[in-house]
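This one's a predicted model, so the numbers in the text were calculated from it and none came from an experiment. Lettering of chains follows the sequences in order, A, B, ..., and the numbering in each one begins at 1.
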Protein chains: 2
Amino acid sequence: MTGVSISQFRELCQRHGLAVTHQRQVIFEALTSMPGHPSPEEVFERVRKKVPAISLATVYKAIHTFLDSGIFGEVSVHHGSLRVDRNISPHHHLVCTRCKSITDIEESDVEPVQLRRSLPAGFQVHRYAVEILGVCPRCSEQSQGNPDKQHY
Amino acid sequence: MTGVSISQFRELCQRHGLAVTHQRQVIFEALTSMPGHPSPEEVFERVRKKVPAISLATVYKAIHTFLDSGIFGEVSVHHGSLRVDRNISPHHHLVCTRCKSITDIEESDVEPVQLRRSLPAGFQVHRYAVEILGVCPRCSEQSQGNPDKQHY
DNA sequence: TCGCAAAGGATAATAATTATTAAATGCTTC
DNA sequence: GAAGCATTTAATAATTATTATCCTTTGCGA
Ligand SMILES: [Mn+2]
Ligand SMILES: [Mn+2]
Ligand SMILES: [Zn+2]
Ligand SMILES: [Zn+2]
């Protein structure tokens with residue numbers, strides 16, 4: 001029972017300037033009670049058991065609202081479409097969270113990743129990929145302007 | 001002029017047991033000549049200038065053929081749909097490339113990432129995200145069976 | 001060259017996401 | 001607590017990304 005009381009949720013919403021709705025609370029509770037990194041579809045399947053009339057679009061909108069408020073995060077900033085990597089030697093990436101641009105960083109430019117404790121037993125590691133997340137020069141320049149203009 | 005001669009391409013295909021077709025060569029050349037990490041749509045736009053009659057499906061099929069042969073790579077193994085991360089404190093991920101499962105690794109379980117040289121000027125780093133890519137225990141068990149069964 | 005498996009083209013189908021719009025609801029003010 | 005207005009929801013259409021289908025064409029070994 002990882003339930004969040006209505007008053008706690010109300011407080012959370014107020015802190016982020018969000019209206020408190022029943023749907024948002026149910027979606028929030030579904031998210032906090034699900035293991036791993038759920039997809040909108042998975043959230044929808046769970047939520048509709050409590051609120052059968054809910055719409056998938058409402059789930060998407062609530063999730064984006066939570067993401068925009070920083071209440072939750074997103075696993076991959078560049079999940080929109082397949083991106084081919086012509087560089088098949090191990091390397092890392094510089095990723096702009098604003099415009100989604102991806103730039104190669106040579107593996108030798110980063111110290112090898114060191115683990116402090118062992119991984120779950122039986123996991124076979126193939127490689128370590130470092131994503132350096134941030135804002136590229138071009139995006140930070142025009143940061144006051146329109147913040148969602150994308151240039152690839 | 002990063003052009004690849006037809007004989008070089010023919011050799012590459014032979015090495016991977018692929019039939020040599022004009023479309024594949026044009027798609028391959030487009031990929032090798034494009035900067036960054038192109039999407040299928042971008043490849044299609046470029047390729048159709050040379051072969052106007054080409055189909056988008058052919059581009060997708062050729063790209064998958066190249067990916068399956070290991071001639072090129074894919075930036076994100078989990079690009080299929082949005083995945084919410086309830087953990088908004090900085091942390092890392094263990095990713096199974098077989099079943100696409102994503103498991104949190106605490107930031108403190110990995111030594112801080114160290115750069116050996118400076119990044120492109122003006123890039124504002126927000127955080128470093130390490131992806132530990134490999135095969136999870138469950139997938140490596142049944143590795144002889146059906147290799148594309150997914151369990152989340 | 002012949003024959004066939006493999007690949008391409010056109011297009012339908014599916015999956016993921018976003019847009020639209022009218023009705024319902026939350027929130028502020030009285 | 002009701003009124004009014006802005007926000008949110010539900011239903012559904014539209015988009016976008018990707019895959020499947022099906023028939024035609026082509027590459028390649030015999
Ligand atoms: Mn790369
Ligand atoms: Mn996570
Ligand atoms: Zn940028
Ligand atoms: Zn797995």
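Dashed line: the shortest gap from a side-chain N or O of S81(B) to OP1 or OP2 of dA15(C) is not under 4.0 Å. A close approach under 4.0 Å does occur between a side-chain nitrogen or oxygen of T58(A) and OP1 or OP2 of dA10(D). Listed pair H64(A) / dT17(C) fails the phosphate criterion, with no side-chain N or O lying under 4.0 Å from OP1 or OP2. Neither OP1 nor OP2 of dT19(D) sits under 4.0 Å from any side-chain N or O of Y60(B). Between Q23(B) and dT26(D), a side-chain N or O to OP1/OP2 separation shorter than 4.0 Å is absent.
Atom CD1 of I54(A) is separated from atom C1' of dA24(C) by 14 Å (rounded to the nearest Å). Look at CD on Q14(A): it is 13 Å from C1' on dT28(C), rounded to the nearest Å. E74(A) places its CD atom 15 Å from the P atom of dA16(C), with the value rounded to the nearest Å. Nucleotide dC28(D) holds its P atom 10 Å from the CG atom of L18(B), rounded to whole Å. A straight line from CZ of F44(B) to C1' of dA17(D) spans 13 Å, rounded to a whole angstrom. What separates CZ of R48(A) from P of dA11(D) is a distance of 10 Å, to the nearest Å. What separates CZ of R24(A) from P of dA10(D) is a distance of 12 Å, to the nearest Å. Going from atom CD of Q25(B) over to atom C1' of dG8(C) covers 16 Å, rounded to whole Å.
When all heavy atoms of S140(A) and Q124(B) are compared, the closest pair comes out as CB-NE2, 3.6 Å.
There is no side-chain donor-acceptor pair under 3.5 Å between T32(B) and E29(B).
Aromatic ring centres of H37(B) and H78(A): separated by at least 6.0 Å. Ring to ring, F28(A) and F72(A) are close: their centroids are under 6.0 angstrom apart.
Residue A19(A) places its side chain closer to dT8(D) than to any other of dA7(C), dT8(D), dT17(C). Considering only the side chain of K61(A), dT20(C) comes nearest among dT20(C), dA19(C), dT7(D). The side chain of L82(B) lies closest to dT17(C), out of dT17(C), dT18(D), dT20(C). Listed nucleotides dT18(D), dA7(C), dA20(D) differ in distance to L56(B); the shortest reach to its side chain belongs to dT18(D).
Annotation: of the two residues near DNA chain D, E41(B) and H22(B), the 5′-most nearest-nucleotide partner is E41(B). Two residues, H79(B) and T21(B), neighbour DNA chain D, and the one matched to the more 5' nucleotide by heavy-atom proximity is H79(B). When each of G80(B) and I27(B) is assigned the nucleotide of DNA chain C with its nearest heavy atom, I27(B) is the one assigned upstream, toward the 5' end.
Heavy atoms of A62(B) sit nowhere under 4.0 angstrom from any nucleic acid atom.
Linking Ile, Leu, Val, Met, Phe, Trp and Tyr whenever their side-chain heavy atoms come within less than 4.5 Å puts V84(B) and L12(A) in one cluster.
Separating the CD atom in E106(B) from the OG atom in S89(B) is a distance of 7.5 Å, to the nearest 0.5 Å.
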